[in-house]
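The next block holds one structure in the form of structure tokens; read it before the comments.
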2 protein chains.
Amino acid sequence: MQPHSNIFLATCTSRQVLHLIADQWTALVMYALEDKDSTKRFSQLLTQIDGISKKMLSQTLRDMERNGLVQRVVYPAVPPHVEYSLTPLGQTLIEPITALRKWAEEHLDEVKEARIKHNQTEHISIQEQVASLVQQREQH
Amino acid sequence: MQPHSNIFLATCTSRQVLHLIADQWTALVMYALEDKDSTKRFSQLLTQIDGISKKMLSQTLRDMERNGLVQRVVYPAVPPHVEYSLTPLGQTLIEPITALRKWAEEHLDEVKEARIKHNQTEHISIQEQVASLVQQREQH
DNA sequence: CCGCATCCGGAGCGATACTG
DNA sequence: CAGTATCGCTCCGGATGCGG
């Protein structure tokens, strides 16, 4: 067995590749750029992806560029103008990652239901009670 | 447009669902349990998934159970015996998540190559140049 | 054997201010 | 406009110990 084919090994390379996508924002940036031939500016992405901070968007884009998923084109002008688009490699990732999105949308209700059912049958620890209260408060 | 269908909104539910999978370990646990009718014990998973700690495995399994992805069965005995398996809902997630794994394995080399190329062509910012100069001076 | 509680160091992330 | 630098805090995650 080749070393990278056993995804359960910590040193496995495909696990590292998987790790690229397993963060909060990469998938969302992919969705924002998935339209073919669509390039977007930094501020466009910032607006479209609700909740992301400048810092995280910058960081995510840099990582994605580093991994060959997005292309960054700078138009030297004042004010600066930078456009982001998916590379061919990035485009190949759209399909599997969109499947994930579809799954999320389709099974959303089942997950919600499972949570409710779980909460009912479960003994809630004091810590979790506090945590959920804090969460509720934060949503205001 | 329904509120949960716009994944770019922070309040969007499908984004929360997506978040379930976007962590380090959930995907790997899925892979470990993907064989149909295969149930595994805690310690089996701990051994199979290289690099995971007891705490994280426990936490991941609890979250997955909470979201209806895995089923936990306790056999009251001494020593305790607990078996984990995928729920029907969890089984539906196998396909999209396996697509992701396949992508990782197939495009592994391209990502690696992109990284190397990126490191070579990288422009070093003025700040980094200054920083390295300062560092050199400080070493005297 | 399974897994939770606790502690603690360090990474992650947001907010703000600044530059070209 | 498109970022980077810095600070401050939170929370992740590992190590350990305990309890069933």
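Residue numbers start from 1 in every chain, and the chains themselves are labelled A, B, ... in the order their sequence lines are given, proteins ahead of strands. Excluded from the calculations below are hydrogen atoms, water molecules and symmetry mates; all remaining heavy atoms, backbone and side chain alike, are included.
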Round to a whole Å and report the spacing from [atom1] of [X] to [atom2] of [N].
X     : N      : atom1 : atom2 : result
B:L45 : C:dC2  : CG    : P     : 10 Å
A:I49 : D:dA2  : CD1   : P     : 14 Å
A:E83 : D:dG3  : CD    : P     : 11 Å
B:W25 : D:dG14 : CH2   : P     : 7 Å
A:L46 : D:dT4  : CG    : P     : 13 Å
A:D63 : C:dC13 : CG    : C1'   : 14 Å
B:L61 : C:dC4  : CG    : C1'   : 14 Å
B:K40 : C:dG3  : NZ    : C1'   : 20 Å

Could you work out which one of [options] sits closest to the side chain of [X]?
X     : options               : result
A:P79 : D:dC1, C:dG3, C:dC4   : D:dC1
B:R62 : D:dC1, C:dC4, D:dG14  : C:dC4
A:V82 : D:dC1, D:dG3, C:dC2   : D:dG3
A:R72 : D:dA2, D:dG14, C:dG3  : D:dA2
A:Q59 : C:dC13, D:dG14, D:dC1 : C:dC13
A:K54 : D:dG14, C:dG3, C:dA17 : C:dA17
B:P80 : C:dG3, C:dC1, D:dG3   : C:dC1

Is the phosphate of [N] approached by [X] (side-chain N or O, under 4.0 Å from OP1 or OP2)?
X     : N      : answer
A:S53 : C:dC13 : no
A:S43 : D:dC1  : no
B:Y84 : C:dG3  : yes
A:S58 : D:dA2  : no
A:R41 : D:dC1  : no

Tell me, yes or no, whether the heavy-atom count around A:H19 atom NE2, taken from other residues, nucleotides or ligands under 6.0 Å, exceeds 12.
no
Does NZ or CZ of B:R41 come closer than 6.0 Å to the centre of the six-membered ring of B:Y84, within 45° of the ring's axis?
no
Carboxylate-amine/guanidinium proximity below 4.0 Å for B:K102 and B:E106
no
Answer yes when B:R101 and B:E34 have at least one side-chain N-carboxylate O distance shorter than 4.0 Å, and no when they do not.
yes
Using heavy atoms to find the nearest nucleotide of DNA chain C for A:M56 and B:H81 separately, return the residue whose nucleotide is more 5′.
B:H81
Using modelled atom types and a 3.5 Å cut-off, is there a donor and acceptor pairing between side-chain atoms of B:K40 and backbone atoms of B:A32?
yes
By the 4.0 Å heavy-atom rule, please label A:Y75 as base, sugar-phosphate, or nothing.
nothing
From CA spacing to verdict: salt bridge (Lys or Arg N to Asp or Glu O under 4.0 Å), A:E113, A:K117
CA-CA 6 Å; A:E113 200 178 325; A:K117 191 182 275 182; 5.2 Å; no
When B:I52 and A:K55 are each assigned the nearest nucleotide of DNA chain D, the 5'-most assignment goes to A:K55
